[in-house]
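Comments concern the structure below.
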Amino acid sequence: MDLLECRKQLDRIDKHLVELFEERMKICGDVAEYKISVGKPVYDGEREQQKLAAVAGLAHGEYNQTAVQELFTQLMTISRRYQYRILAEHGQQKRTDYEQVETLPVDGVRVVYQGVEGAYSHAAALQYFGEETELYHVLTFEEAMQEVQEGRADYGVLPIENSTAGAVIDNYDLQIKYDNYIVAETFVKVQHVLLGCPDAEPADVKTVFSHPQALMQCSGFLNEHKDIRQISLENTAVAAKKVVEDGDKTQAAIASEIAGRLYGLKILKPGIQNSKNNTTRFIILSKRPLYRKSASKISITFELPHRSGTLYNMLGHFIFNGVNMRMIESRPIPGRSWEYRFFVDIEGNLADAAIQNALNGVAAEAQNMRILGNY
């Protein structure tokens, strides 16, 4: 047959396929109604595996058997999503503990952050809550999470990702360990300056202190001054504090302007970071599951076995419901080889029907799905 005739025959077959598909979907709707009436869950993994084996047996040849299994995997996935939508129309949605509010309560609150005064976490807390709020600091990220969960702090401020260095992985893991909720976020532009004693000049500097990441982010400046010795400390504000305490004009710190003002240091050189667009995203955490009426981003986490197609099927729930994904990170699950926990940010609000449908599907088919926050 020539190409034109082949296309005509394919068009004829495709027309029948569409008719059969619509007939199949109508029956899937009847299945959903039945499951609603008896309280049966939509997803039945054992039944689907039996079905895939059966249809593969109807095909001829290894290639066709594999292709038919892939085709029917997608058909059944589409069927499930249609059934989830019908369940939602009948009011059978996954309930959350989240409470919608107009604005977050911030009057008279206590806010905890990790580090010391002058660190970027301190700057993030000031930026979001203002200078009149009671702020205090702890040594580690985990201590900040504990302060929030145990009620000593109303909110906690933690970094979650940097535009150049990537995710703060430890803080993803802490969101699993503790039952706190993301209720807001704030972005702090990382602007490193070289800070010295009030009587120092740039030419006096022989040693510079800072956090390892800050030293890396200022590698261009430091490479131009190879005679300056670099010493790593736990954070940038601690570096500024050390310069003050030592009072040695040959020492300098790479830190923020806020740290310089707090500790009375002189800016020897501003803007020494490599990237002028370096930004850190901080999350605001609360013990209470709140979300603002205007919230537009949702963070979730779920676990998946190391099996072909599992992540694809999960992300398909967002595609099917027209939900845009903003970010995805994966972390190995301790004690479970080759199994992973995923962290996903999507656009939307928990009150949106499309979001509810997508989350219902993920919750039904993934393991240990949690909504980390809507903000």
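A chain of hydrophobic side-chain contacts below 4.5 Å, direct or via other Ile, Leu, Val, Met, Phe, Trp or Tyr residues, connects Ile267 to Ile258.
Other residues, nucleotides and ligands place no more than 12 heavy atoms under 6.0 Å from the CD atom of Glu23. Glu46 CD: 12 or fewer foreign heavy atoms inside a 6.0 Å radius. Counting non-hydrogen atoms of other residues, nucleotides and ligands closer than 6.0 Å to CD of Glu70 gives a total of 12 or fewer. Counted within 6.0 Å of NZ on Lys51, heavy atoms from surrounding residues, nucleotides or ligands total 12 or fewer; the atom is thus considered open.
The shortest heavy-atom contact between Asn374 and Gly348 is ND2-O, 3.2 Å. Among all heavy-atom pairs drawn from Ile254 and Val208, the shortest one is CG1-CG2, 3.6 Å. Here the shortest heavy-atom pairing between Ala153 and Val112 reads CB-CG1, 3.7 Å. What you find for Ala32 and Gln83 is that their closest heavy atoms are CB-CG, 3.7 Å. Met216 and Asn274 get closest at one heavy-atom pair: O-ND2, 3.4 Å. Scanning all heavy atoms of the two residues, the minimum distance from Ala184 to Tyr128 falls at CB-OH, 3.3 Å.
A cation-pi arrangement is found for Arg110 relative to Tyr136, the charged atom lying closer than 6.0 Å to the ring centre and inside a 45° cone about the ring normal.
Side-chain contact check for Lys206 versus Ile228: every heavy-atom pair is 4.5 Å or farther apart. Side-chain atoms of His317 and Arg81, non-hydrogen and from C-beta on, do get closer than 4.5 Å to each other. Counting heavy atoms from C-beta outward, Ile169 and Glu329 have side chains that approach closer than 4.5 Å. Contact annotation: the side chain of Glu99 never approaches that of Tyr291 to less than 4.5 Å [non-hydrogen atoms, C-beta and beyond]. Residues Leu304 and Gln367 fail the side-chain proximity criterion, which asks for heavy atoms closer than 4.5 Å. Contact of the Leu222 side chain with the Leu215 side chain is registered, since non-hydrogen atoms from C-beta on lie closer than 4.5 Å.
Judged purely by atom type and a 3.5 angstrom limit, Asn235 uses its side chain to pair as donor or acceptor with the backbone of Ala237. Gln114 places a side-chain N or O within 3.5 Å of a backbone atom of Leu139 that can act as its donor or acceptor partner.
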- Asp248 and Lys242: CA distance, side-chain angles, deciding distance, salt bridge (Lys or Arg N to Asp or Glu O under 4.0 Å) verdict: CA-CA 10 Å; Asp248 182 348; Lys242 177 171 175 55; over 6 Å; no
- Begin with the C-alpha distance, continue with both residues' side-chain angles, and end with the deciding distance and a verdict on salt bridge (Lys or Arg N to Asp or Glu O under 4.0 Å) for Arg292 and Glu102. CA-CA 5 Å; Arg292 288 174 291 114; Glu102 288 290 339; over 6 Å; no
- Between Val106 and Thr133, is a side chain to side chain contact (heavy atoms under 4.5 Å, CB included) present by the stated rule, with each step listed? CA-CA 8 Å; Val106 294; Thr133 303; 6.0 Å; no
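Taking the ring centroids of Tyr155 and Phe129, they lie under the 6.0 Å cut-off.
For residues 191-250, the set of pairs meeting the ring-ring contact (aromatic ring centres under 6.0 Å, His included) definition, not counting sequence neighbours, comprises Tyr120-His192, Phe221-His225.
The pair Glu89-Arg85 fails the salt-bridge criterion, with no side-chain N (NZ, NE, NH1 or NH2) lying under 4.0 Å from an Asp/Glu carboxylate O. A salt bridge does not link Asp170 to Lys177: none of the charged side-chain nitrogens sits closer than 4.0 Å to a carboxylate oxygen.
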